[in-house]
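Predicted model only: the values in this text are computed from it and were never measured. Convention: sequence-line order gives letters A, B, ...; per-chain numbering from 1.
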Number of protein chains: 2
Amino acid sequence: MHMRMTSQREIILKELQDSHQHLTADELYERVKKFMPRISLATVYRNLETLSEAGIIGKLEISGRQKRFDADVHPHDHIFCLQCQRVDNIEFDRNLVNPAAVASDKGYRITGYRVEFKGICSSCRNNQEKKRDGDEQ
Amino acid sequence: MHMRMTSQREIILKELQDSHQHLTADELYERVKKFMPRISLATVYRNLETLSEAGIIGKLEISGRQKRFDADVHPHDHIFCLQCQRVDNIEFDRNLVNPAAVASDKGYRITGYRVEFKGICSSCRNNQEKKRDGDEQ
DNA sequence: ACCCCTTATAATAATGATTATCAATTGTAA
DNA sequence: TTACAATTGATAATCATTATTATAAGGGGT
Ligand SMILES: [Mn+2]
Ligand SMILES: [Mn+2]
Ligand SMILES: [Zn+2]
Ligand SMILES: [Zn+2]
């Protein structure tokens, strides 16, 4: 249950927190290398796993793509852009979902759930419009 | 938009339909081999992709695990067992989620969403209980 | 039946993300 | 300071999936 806060671990955590984004392991690896040029990608993966197991960070497993990590551990949901892959938090009232109401179904004991939205982010939409305007000339 | 219904494609589709399960590509491969011993795993993957693009079957991308395929294409949600990996349909009233209500958020144009429950299925719970009873002796 | 063209197949290589291995290093506590 | 456990960096291995490619069907039109 306990865990040592190594310098690698600390920098990885701090970079994730400061980013205010949902980063992948290799994105974090690139950032952390600026401070620790000799760090290994495996160390980044290992520590992200350790941190998420300890509940210090969250691990996002979005439909068929790379894992992303989240410094914000309070229960919340996400939306991802089908075009640029970015992942953002989304305001969704989780009280609307009542696990107890579906619990009897198939005899499962439900331990959690998540709501995953997908769509096109504003910057990708802007790019599309620019492109379309250009084509019309 | 059109597509030929080859014998491989037909058997893969029929096996998925008859299974009444959410099978993975390699599970289907094992089943289809009984009828077509020379079929290639790549053919199974290729056809599942083609069929799902044509909207004839659904593709389920569950949190960080193998893709599963679904002969039932009507919009519905799923629950998976953390222990044995099985995936079942779940009764969840999708009217409770209103994409328009969260659409303004971050400027996304939302094109879809899914609700993913996780838990322990009844047979895995029974196994746990049996095991616990045994330990108490 | 034959030719042509497109699509699909089987076999296999390649890819990408993640995890495993392991010898070397570091931290901690007696 | 020694002794042990935890961690690291480097790299190999794994797993699911996709790409490649030479070969084989499918289906008109003749
Ligand atoms: Mn988040
Ligand atoms: Mn289903
Ligand atoms: Zn985007
Ligand atoms: Zn189970």
Side-chain angles (χ1 to χ4, degrees), chain A residues 1-16 22-54 56-70 80 82 84-87, chain B residues 1-16 22-54 56-70 80 82 84-87:
Chain A
M1 266 309 74
H2 166 264
M3 89 193 235
R4 226 186 222 148
M5 186 52 73
T6 67
S7 56
Q8 287 89 337
R9 201 114 77 196
E10 197 165 28
I11 290 182
I12 290 167
L13 178 58
K14 187 170 186 334
E15 272 305 296
L16 180 60
H22 303 95
L23 299 176
T24 61
D26 57 291
E27 284 168 349
L28 268 165
Y29 173 58
E30 289 306 320
R31 289 172 184 236
V32 165
K33 265 203 290 193
K34 304 215 165 72
F35 306 99
M36 299 190 105
R38 310 221 34 165
I39 198 172
S40 161
L41 177 57
T43 301
V44 176
Y45 270 104
R46 217 182 304 120
N47 282 319
L48 287 170
E49 187 59 34
T50 305
L51 288 165
S52 76
E53 260 169 22
I56 296 169
I57 65 173
K59 175 165 49 166
L60 309 182
E61 299 184 314
I62 309 279
S63 281
R65 49 189 76 202
Q66 252 182 295
K67 291 193 181 86
R68 289 177 179 272
F69 297 86
D70 195 341
F80 67 94
L82 293 161
C84 71
Q85 325 281 319
R86 67 175 289 150
V87 174
Chain B
M1 265 308 74
H2 166 264
M3 86 192 241
R4 212 137 86 190
M5 186 53 71
T6 66
S7 56
Q8 287 89 338
R9 205 163 281 169
E10 196 164 30
I11 290 183
I12 290 167
L13 177 58
K14 186 169 188 331
E15 271 306 296
L16 180 60
H22 304 95
L23 298 176
T24 62
D26 58 290
E27 284 168 348
L28 267 165
Y29 174 58
E30 289 307 320
R31 288 171 185 236
V32 166
K33 265 202 293 191
K34 304 216 165 74
F35 306 98
M36 299 192 103
R38 310 221 36 169
I39 199 172
S40 159
L41 176 58
T43 300
V44 176
Y45 270 104
R46 213 184 312 115
N47 282 318
L48 287 171
E49 187 59 34
T50 304
L51 289 165
S52 75
E53 261 169 22
I56 297 170
I57 65 172
K59 175 164 51 165
L60 310 183
E61 299 184 313
I62 308 280
S63 279
R65 51 190 73 202
Q66 253 180 296
K67 291 194 181 85
R68 288 177 180 272
F69 297 87
D70 196 340
F80 66 92
L82 293 162
C84 70
Q85 325 280 320
R86 66 176 289 151
V87 174

For a quick test of your reading: what N or O donor-acceptor pairs under 3.5 Å do the side chains of residues 33-47 of chain A make, sequence neighbours left out?
{"from": "A:Ser40", "atom 1": "OG", "to": "A:Ala42", "atom 2": "N", "distance (Å)": "3.1"}
{"from": "A:Asn47", "atom 1": "OD1", "to": "A:Arg9", "atom 2": "NH1", "distance (Å)": "2.6"}
{"from": "A:Asn47", "atom 1": "ND2", "to": "A:Thr43", "atom 2": "O", "distance (Å)": "3.1"}

Enumerate the protein-to-nucleotides 17-19 of chain D contacts in which both atoms are nitrogen or oxygen and the separation is below 3.5 Å.
{"from": "D:dT17", "atom 1": "OP1", "to": "B:Lys67", "atom 2": "N", "distance (Å)": "2.9"}
{"from": "D:dT17", "atom 1": "OP2", "to": "B:Tyr45", "atom 2": "OH", "distance (Å)": "2.6"}

**Message:** Under the rule for side chain to side chain contact (heavy atoms under 4.5 Å, CB included), what residues qualify as partners of B:Glu10, not counting sequence neighbours?
**Reply:** B:Met5
**Asked** Roughly how far apart are A:Thr24 OG1 and A:Arg65 CZ, rounded to 0.5 Å?
**Response** 12.0 Å
**Asked** Atom CG of B:Asn47 and atom P of C:dT7: how far apart are they, to the nearest Å?
**Response** 15 Å
**side-chain N/O B:Gln8 vs D:dA25 OP1/OP2, d < 4.0 Å** = no
**Request:** Name all residues meeting the side chain to side chain contact (heavy atoms under 4.5 Å, CB included) criterion together with A:Ser52; count only those two or more places apart in sequence or in a different chain, and write none if there are none.
**Result:** A:Glu49, A:Ile57, A:Lys59
**Request:** Measure from CE on A:Met3 to C1' on D:dT8 and round the result to the nearest Å.
**Result:** 14 Å
**Prompt:** To the nearest angstrom, how far is A:Met36 atom CE from D:dT8 atom C1'?
**Reply:** 10 Å
**Fill in**
Rounded to whole Å, the CD-P distance (A:Gln85 to C:dA17) equals 10 Å
**Asked** So, is A:Thr43 near the phosphate of D:dG9, with a side-chain N or O under 4.0 Å from OP1 or OP2?
**Response** yes
**Message:** Whole angstroms only, please: what is the CD-C1' distance between A:Glu27 and C:dT18?
**Reply:** 16 Å
**Item:** B:Ile11 CD1 - C:dA10 P separation (whole Å)
**Value:** 10 Å
**Fill in**
Rounded to whole Å, the CD-C1' distance (A:Glu53 to C:dT19) equals 13 Å
**Request:** Could you tell me which residues satisfy salt bridge (Lys or Arg N to Asp or Glu O under 4.0 Å) with B:Glu27, sequence neighbours excluded, listed by chain and number?
**Result:** B:Arg68
**Message:** If you assign each of A:Arg38 and A:Thr50 to its closest nucleotide in DNA chain D, which residue comes earlier from the 5' end?
**Reply:** A:Thr50
**Message:** Under 4.0 Å from OP1 or OP2 of D:dT11: is there any side-chain N or O of A:Ser40 that close?
**Reply:** no
**Complete:** Separation of D:dT8 atom P from A:Met5 atom CE, nearest Å, is 10 Å
**Request:** Only counting residues at least two apart or in another chain, list the ones meeting salt bridge (Lys or Arg N to Asp or Glu O under 4.0 Å) with A:Arg86.
**Result:** A:Asp88
**Item:** Sequence-distant partners of B:Thr6, side chain to side chain donor-acceptor pair (under 3.5 Å), two or more places apart
**Value:** none
**Message:** Could you work out, with side chain to side chain donor-acceptor pair (under 3.5 Å) as the rule, every residue matching B:Gln66, not counting sequence neighbours?
**Reply:** B:Asp26
**Item:** Which nucleotide in D:dG9, C:dT9, D:dT7 has an atom nearest any side-chain atom of A:Ile39
**Value:** D:dG9
**Asked** How does each nucleotide of nucleotides 23-30 of chain C score, in 5' to 3' order, for protein heavy atoms under 4.0 Å: base (B), sugar-phosphate only (S), or none (-)?
**Response** ----BS--
**Message:** If I take atom CZ from residue B:Phe80 and atom CG from residue B:Leu60, how far apart are they, to the nearest 0.5 angstrom?
**Reply:** 12.0 Å
